Each structure stands twice: as structure tokens, then as C-alpha cells.
Protein chains: 2
Amino acid sequence: MRIAQLSETTGVPIPSIKYYLREGLLHTGERTARNQAEYDDSHVRRLRLIRALIDAGGLSIAATRKLLVILDDDSLPIDLALGHAISAALKPPANTESPQMEWARSRVDALLDERDWLVERDTDKTEALASALAALSQLKSVGAEELLKLHLPHVEALAIEEIQWALKHEDKDSIVESAVVGTFLGGAIFNALRLLAHENLARRTAQPTEESE
Amino acid sequence: MRIAQLSETTGVPIPSIKYYLREGLLHTGERTARNQAEYDDSHVRRLRLIRALIDAGGLSIAATRKLLVILDDDSLPIDLALGHAISAALKPPANTESPQMEWARSRVDALLDERDWLVERDTDKTEALASALAALSQLKSVGAEELLKLHLPHVEALAIEEIQWALKHEDKDSIVESAVVGTFLGGAIFNALRLLAHENLARRTAQPTEESE
């Protein structure tokens with residue numbers, strides 16, 4: 001198909017398609033004339049992935065490109081490629097040194113040992129967790145240990161279901177796509193649902209008092 | 001205490017404290033001399049909240065200020081203040097109009113009806129959910145309905161525990177602090193744990209093949 005039809009099929013405006021081509025997010029089509037290229041289903045699919053990551057996942061162009069380059073590298077086994085791709089897309093937390101961060105890093109190490117989680121240490125992911133725990137440990141009313149204990153069982157149950165769901169797909173492209181999108185859009189969906197659930201519960205808790213007045 | 005001691009107690013550098021004072025994030029101390037002010041525990045506590053939201057929650061100065069202004073407004077009931085504060089801090093999603101967004105918005109409405117969730121419609125929270133669902137609905141290999149079904153039970157169970165945990169605190173300040181911090185840092189912790197759990201499961205799934213070679 002020509003670029004106009006690619007734009008129509010995906011709903012992505014032509015200038016944006018050209019921009020993704022220039023930025024290396026989208027692979028070039030097959031040149032059929034001096035000023036004309038032919039696109040196929042692989043372009044439709046990639047464009048939808050790009051828009052999902054940028055629009056709803058909130059990734060930058062640069063983060064999206066880094067992630068796609070890693071995913072397209074067939075020399076890496078899927079699990080490593082996914083790990084690298086997801087780390088590449090995460091904002092690295094500010095590298096802060098403090099007694100709280102020291103405590104938090106060793107707490108994260110201990111947690112990974114306790115749960116026997118097979119993950120790389122000292123990455124953006126462990127630093128992100130340590131930085132949240134360090135901040136929590138500074139607050140008077142909020143216990144970091146309590147929040148960890150509250151979240152862990154839900155995280156473990158959800159993650160198993162998510163991975164099973166991603167692996168259920170048949171071809172490698174679909175597994176990779178569902179894992180990456182599941183991570184970012186799944187995160188966005190989970191978080192939006194969680195804030196809505198909080199609002200519902202907060203209102204329902206507040207309601208009986210209003211009614212009894 | 002003087003500003004130097006406030007800085008020492010909290011680990012926040014004096015220039016940052018002055019910046020938060022100028023930006024209206026931190027309330028001014030009691031002026032004791034022309035060039036000198038006295039700070040107390042309320043400043044320590046507020047500074048820690050500010051750093052938690054900015055460093056680990058990833059909020060901007062502007063979003064943090066908006067959130068604090070609403071929280072400090074005693075004329076609002078707690079539940080409404082929390083709802084507004086959390087909405088204020090969320091990045092509003094790009095206002096996109098598309099057939100997918102139309103579908104996604106009505107799917108969100110139907111979902112809220114089904115679950116009988118008492119929440120405001122057409123807010124940043126419902127738009128964030130709709131925009132993730134719209135992006136998902138465009139992808140070949142990933143079903144929006146499947147992901148919703150996967151996340152909902154975990155969200156509902158976690159949210160109840162989180163609200164119970166926040167309400168368990170005794171004074172209003174602690175309830176507000178734990179709810180706000182629990183939302184943002186809890187979100188950061190949950191997401192970091194979830195990515196680590198994914199990595200662990202992906203590696204364990206990949207491992208048997210390697211060993212059998």
C-alpha cells in the first residue's frame with residue numbers, strides 16, 4: 001500500500017509517519033519509484049505499537065526508539081531482550097546517595113533473596129524500588145515495610161497471570177508485542193483502575209457520615 | 001530550629017529549602033530577626049512529603065504545589081480533597097478524538113456501572129483509562145477486554161487494603177499524608193515490583209530450555 005493508505009488504515013497522519021521514518025522508529029517501505037514506497041502489514045502493526053507506547057504508555061520518541069531497536073535485535077533471547085527493552089524505557093531515578101538509600105538498597109537485596117527472584121541487581125528497576133522505599137522510610141506516618149507487605153502478594157499473583165497471558169500467544173512477534181505493551185499499557189490500566197477504585201472507596205467510606213447528619 | 005538544622009534533620013540542602021519556600025511548597029517559618037526564621041516539626045514533615053512526591057513519585061514542582069494547596073484547604077472534606085489533589089497531580093492525557101476513544105469512553109462508563117463504582121465521570125482518571133484501552137484496542141495481539149479482566153480483581157483487592165491501611169491512621173494529617181503518599185509511592189513500588197516479578201518469571205520460563213541443551 002502507499003503512504004496515504006497506510007495513514008488511512010492506522011489513523012496516523014502522514015507527517016507523523018514521515019517523522020517516525022526519519023527518526024528510525026518505523027522501517028522504510030520498499031522503494032517502487034523515485035518518490036514512492038510501498039508499505040505492508042508489518043508497517044501497520046509497527047505504527048500501532050509506536051502509537052500505543054507514545055500516546056498511552058507515555059514513552060518519549062527516544063525511549064520508544066531504544067526499546068524498538070532492542071526488540072528488533074534477533075541475536076538476543078526473548079527474555080533478555082524484553083528485560084533490556086523495558087529497562088531502556090524506564091526513566092532512571094536520580095542517583096542519590098543518602099543513609100536512606102543505603103538502607104533501601106540493602107532492603108531490596110534482602111527482598112529479592114527472600115522471594116528467590118532471579119533478577120539482575122543494581123539496575124534501574126531495583127533503583128526505582130529503592131528510591132521509593134527510601135522516600136517512604138523518611139515519612140512519619142507511612143511504613144515502608146507495611147506497604148511492601150501489602151503489595152507483594154498482589155504483585156506476585158498478577159505478574160504470573162500477565163506472563164502466562166503473554167506466553168499464550170503463538171508467534172514471537174505477538175509474544176514480544178503483548179509483553180511490552182502489557183507492561184506499559186497494563187501499568188497504565190492498572191494505575192488508572194486503582195485510582196478509580198480508591199475514589200470509589202473513599203466516597204463510600206465518607207458517605208455514611210453524611211447520611212446520618 | 002534554624003534553617004541549617006532543618007537542612008541537617010531532613011537531608012535537604014539549604015538552597016533547595018529556599019527554593020521550596022520561594023515556590024510556595026513550604027510554609028514560611030516564624031521570623032525572629034531581620035534575616036532569620038525559626039522552623040518546627042511541621043516544616044520537617046512537609047519537607048519530607050515534598051521530597052517523597054518529587055524524588056520518588058516523579059511529580060513536577062507545579063504538580064506538587066497544586067496538590068499541596070488542595071490538601072491544605074481545610075474547607076474541603078478529606079475524600080474530596082484527596083480526589084482533587086490526585087487528579088491535579090496526574091498528567092492529563094492528550095485529548096484525542098477517534099472512533100477508538102469513543103468506544104473506550106463508553107467501555108469505561110459501562111465498566112463503572114457494572115462494578116457500581118461511585119466515581120466522577122469524564123475526569124483525567126477515566127480519560128487515562130480510556131486512552132490506554134483505546135491504544136490496546138488497536139493492537140492485533142492484545143485484547144483490551146482480556147487485560148481488564150486480568151487486572152480488575154487484583155485492583156479491587158489491593159485498593160480495599162490500601163484504603164483500610166490509610167484510614168487506620170489517627171489524625172487527619174496522617175490520613176491525608178498516607179493516602180497521598182500511598183497513592184504515588186505505592187504506585188511506584190507496585191510498578192517496580194511488578195517489573196521485577198516479570199523479569200524473574202521470564203527468566204525462569206526461559207531457563208529449562210537452556211539447561212536441557
Side-chain angles (χ1 to χ4, degrees), chain A residues 11 45 48 51-52 55-56 77 79 82-83 86 94 98 117-119 125 128-129 131-132 135-136 138-142 147 150-151 154-163 165 169 174 177-178 181 185-206, chain B residues 11 45 48 51-52 55-56 77 79 82-83 86 94 98 117-119 125 128-129 131-132 135-136 138-142 147 150-151 154-163 165 167 169 174 177-178 181 185-204 206:
Chain A
R45 188 165 186 173
R48 287 188 169 146
R51 293 299 282 233
D55 290 347
D79 62 320
L82 282 179
I86 291 169
S98 66
W117 278 6
L118 193 67
V119 299
K125 283 183 260 185
L129 180 56
S131 126
L136 271 178
Q138 292 263 59
L139 295 167
K140 202 169 136 195
S141 60
V142 186
L147 266 193
L150 203 119
H151 283 151
H154 296 288
V155 168
E156 291 193 315
L158 177 65
I160 287 178
E161 288 178 32
E162 286 182 304
I163 294 285
W165 166 81
H169 295 89
S174 295
E177 189 174 297
S178 59
V181 168
L185 293 196
I189 287 180
F190 191 92
N191 208 39
L193 282 174
R194 180 172 160 269
L195 296 179
L196 289 167
H198 284 182
E199 180 180 337
N200 169 52
L201 292 166
R203 285 180 183 228
R204 292 206 180 275
T205 314
Chain B
R45 188 165 187 173
R48 288 188 169 147
R51 293 302 282 232
D55 291 347
D79 62 320
L82 282 179
I86 290 169
S98 66
W117 279 6
L118 194 65
V119 298
K125 283 183 262 185
L129 180 56
S131 125
L136 271 178
Q138 292 263 58
L139 296 167
K140 200 170 138 195
S141 60
V142 186
L147 266 193
L150 202 120
H151 282 150
H154 296 288
V155 168
E156 291 193 314
L158 177 65
I160 287 179
E161 289 178 31
E162 287 183 303
I163 294 285
W165 165 82
L167 290 177
H169 295 89
S174 295
E177 190 175 295
S178 59
V181 168
L185 294 195
I189 287 181
F190 191 92
N191 208 39
L193 283 174
R194 179 170 160 271
L195 296 179
L196 289 166
H198 283 182
E199 181 180 336
N200 170 52
L201 292 166
R203 285 180 184 230
R204 292 205 181 273

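Chain naming here is simple, since letters A, B, ... match the order of the sequence lines and numbering starts at 1 in each. Just so we're clear, the structure is a prediction, and the values are computed from it rather than from any experiment.
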For this session: Sort B/Leu158 into side chain, backbone, both or neither according to what part of it lies under 4.5 angstrom from a heavy atom of chain A.
Result: both

Problem set entry | Check: B/Leu193 and A/Trp117 side chains under 4.5 Å, non-hydrogen atoms | yes

Exercise. From A/Leu201 CG over to B/Leu118 CG, what is the distance, rounded to the nearest 0.5 angstrom?
Worked result: 10.0 Å

Problem set entry | Contacts of A/Glu156 that satisfy salt bridge (Lys or Arg N to Asp or Glu O under 4.0 Å) - sequence neighbours left out | A/Arg115

Problem set entry | Considering all heavy atoms, the nearest A/Arg194-B/Gly187 contact | NH2-N, 3.4 Å

For this session: Tell me, out of A/Val119, A/Leu129, A/Ile189, A/Ile160, who's got the most heavy-atom pairs with chain B below 4.5 Å.
Result: A/Val119

Problem set entry | Non-hydrogen side-chain atoms of B/Leu147 and A/Trp165 separated by less than 4.5 Å | yes

Problem set entry | Interatomic spacing from CG in B/Leu150 to CD in A/Glu161 - rounded to 0.5 Å | 5.0 Å

Seminar exercise, completed: One option among A/Ala192, A/Gly186, A/Gly11 has the most heavy-atom pairs under 4.5 Å with chain B, and it is A/Gly186

Exercise. Excluding sequence neighbours, so at least two apart, what forms ring pair (Phe, Tyr, Trp, His ring centres under 6.0 Å) with B/His154?
Worked result: none

Problem set entry | Residue pair B/Glu162 / A/His151, side-chain donor-acceptor N/O under 3.5 Å | yes

Exercise. Closest heavy-atom contact between A/Leu196 and B/Lys125?
Worked result: CD2-CB, 3.8 Å

